[in-house]
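Note that the structure is predicted; figures quoted are calculated from it, not measured.
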Amino acid sequence: MQLLLLSNSTAPGRGYLEHAREEIASALDGIRRLVFVPYALADHDGYTTQVATALEPLGIEVTGAHTAEDPAALVCGAQAVFVGGGNSFRLLKALHERDLVRAVRERVASGAVYMGSSAGTNMACPTLRTTNDMPIVQPPSFDALGLLPFQINPHYLDAKPDTAHMGETRAQRLEQFLEENDVPVVGLREGTWLRRDADRLTLGGIEAGAILFRRGQDPAELRPGDDLSALLSEEPRFDSAAR
């Protein structure tokens, strides 16, 4: 299984996907045609054009899943699938309605490269439960693609002691998730990503790295280049409250 899971698609002062271009070129090496899944945003045509423009220098032809009468059938013939960011509730609802949860899962398992950013990275997890998004629509299920046996929190933000914000920090929210679910969570800071190549999983991106949350353990800092392959052997236990 080949996965590239970006925390974010745009970095300050950089163009769309520009901050990760070398990693994307490596992950998509030899790929000439890619199916883009644009359902996290309302403007499917505009979103697909943005992706096509970004990947054109790599010689990759992009087709929007929304342009096909049967998006699932299109995905079943894809060399690579890119699921873009936006609202993860809207995205997952569309995936379920179009039979794309099954189609993407089966196609990636049989060899297609999967690339996700933000909400698309959330989709690679077993469930939607560690998203940051507002539930603007209601999916029929929180079950996502399950390409990994653990959860990811993209756009992970560290607490700032001098902030006026009085709500829960991101770390506190993830600790609440762990009170109800015994599943590791990788908090990907901006500018970082996970790369899976078969049974090997590594962290890439900027030096800020990521943070790993586990039930009953202190959060652990992760750095680019760290081998996280052990996470691929996890057995997630959802709805398993710590009492």
Side-chain angles (χ1 to χ4, degrees), residues 3-25 27-28 31-105 107-108 112-125 128 131-139 144-145 147 152-155 188 190-194 205:
L3 312 177
L4 176 59
L5 306 174
L6 308 173
S7 177
N8 52 298
S9 55
T10 305
R14 310 291 293 275
Y16 183 75
L17 298 178
E18 185 180 359
H19 69 291
R21 181 172 292 172
E22 290 185 8
E23 194 71 19
I24 293 170
L28 299 180
I31 301 296
R32 291 294 169 261
R33 297 183 305 280
L34 174 146
V35 173
F36 176 60
V37 179
Y39 300 118
L41 295 183
D43 182 1
H44 301 157
D45 288 337
Y47 202 0
T48 301
T49 297
Q50 183 181 36
V51 172
T53 300
L55 297 184
E56 184 178 14
L58 303 182
I60 297 173
E61 177 185 338
V62 174
T63 301
H66 68 292
T67 63
E69 183 175 344
D70 185 350
L74 179 66
V75 162
C76 287
Q79 291 182 301
V81 178
F82 175 27
V83 181
N87 186 276
S88 55
F89 288 89
R90 175 160 54 189
L91 173 58
L92 186 57
K93 182 174 185 286
L95 295 184
H96 278 289
E97 290 175 344
R98 293 163 174 79
D99 193 29
L100 286 171
V101 172
R102 176 200 60 80
V104 173
R105 184 184 290 152
R107 184 67 191 99
V108 174
V113 177
Y114 180 92
M115 187 168 85
S117 66
S118 187
T121 290
N122 279 128
M123 294 303 104
C125 302
L128 186 64
T131 182
N132 304 310
D133 294 335
M134 181 177 291
I136 62 173
V137 296
Q138 182 168 313
L145 298 174
L147 305 179
I152 299 172
N153 178 243
H155 307 290
L188 287 177
E190 298 292 79
T192 64
W193 52 78
L194 292 174

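Identified under the side-chain hydrogen bond (donor to acceptor under 3.5 Å, both in side chains) test for residues 5-24, with sequence neighbours left out: Ser7-Glu190, Glu23-Arg195. Identified under the side-chain hydrogen bond (donor to acceptor under 3.5 Å, both in side chains) test for residues 66-81, with sequence neighbours left out: Asp45-His66. A salt bridge (charged side-chain N to carboxylate O under 4.0 Å, His left out) check over residues 73-98, counting only residues at least two apart or in different chains, returns the pairs Lys93-Glu97.
Counting all heavy atoms, side chain and backbone alike, Leu91 lies closest to Gly84 at CD2-O, 3.9 Å. Pairing each heavy atom of Gly120 with each of Tyr114, the nearest pair is O-OH, 2.7 Å. Of all the heavy atoms in Leu74 and Gly64, the pair that sits closest is CD2-O, 3.9 Å.
Atom CG of residue Leu17 and atom CD1 of residue Ile24 lie 4.5 Å apart, to the nearest 0.5 angstrom. Note that OG of Ser118 and NE2 of His155 are 2.5 Å apart. Values are rounded to the nearest 0.5 Å. Between the CG atom of Leu128 and the CG atom of Leu145 there is a distance of 11.0 Å, given to the nearest 0.5 Å. For the atom pair Thr49 OG1 and His44 NE2, the distance stands at 12.5 Å (nearest 0.5 Å). Between the CG atom of Leu5 and the CG atom of Leu188 there is a distance of 8.0 Å, given to the nearest 0.5 Å. Here the CG atom belonging to Asn153 is positioned 8.0 Å from the OG1 atom belonging to Thr131, to the nearest 0.5 angstrom.
Remark: Arg102 pairs with Asp99, Glu106 by the side-chain hydrogen bond (donor to acceptor under 3.5 Å, both in side chains) rule, at least two apart or across chains. Residues satisfying the side-chain contact (heavy atoms from CB on, under 4.5 Å) test with Ala65, not counting sequence neighbours, are Val35, Val37, Pro38, Tyr39, Pro71. For Ser117, there are no side-chain hydrogen bond (donor to acceptor under 3.5 Å, both in side chains) partners at least two apart in sequence or on another chain. In this view, Glu61 satisfies the salt bridge (charged side-chain N to carboxylate O under 4.0 Å, His left out) rule with no residue, not counting sequence neighbours. Partners of Leu34 according to the side-chain contact (heavy atoms from CB on, under 4.5 Å) rule, which considers only residues two or more places apart in sequence or in another chain, are Leu28, Phe36, Leu55, Ile60, Val62, Ala80, Phe82.
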- Task: Could you walk me through whether Val75 and Leu100 pass side chain to side chain contact (heavy atoms under 4.5 Å, CB included), step by step?
- Result: CA-CA 8 Å; Val75 162; Leu100 286 171; 3.7 Å; yes
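In this structure, Asn87 contributes its side chain and Asp133 its backbone to no donor-acceptor pair below 3.5 Å.
Annotation: side chain of Leu3 is not in contact with side chain of Leu194 (no heavy-atom distance under 4.5 Å). Using a 4.5 Å heavy-atom threshold, the side chains of Asn122 and Leu92 count as separate.
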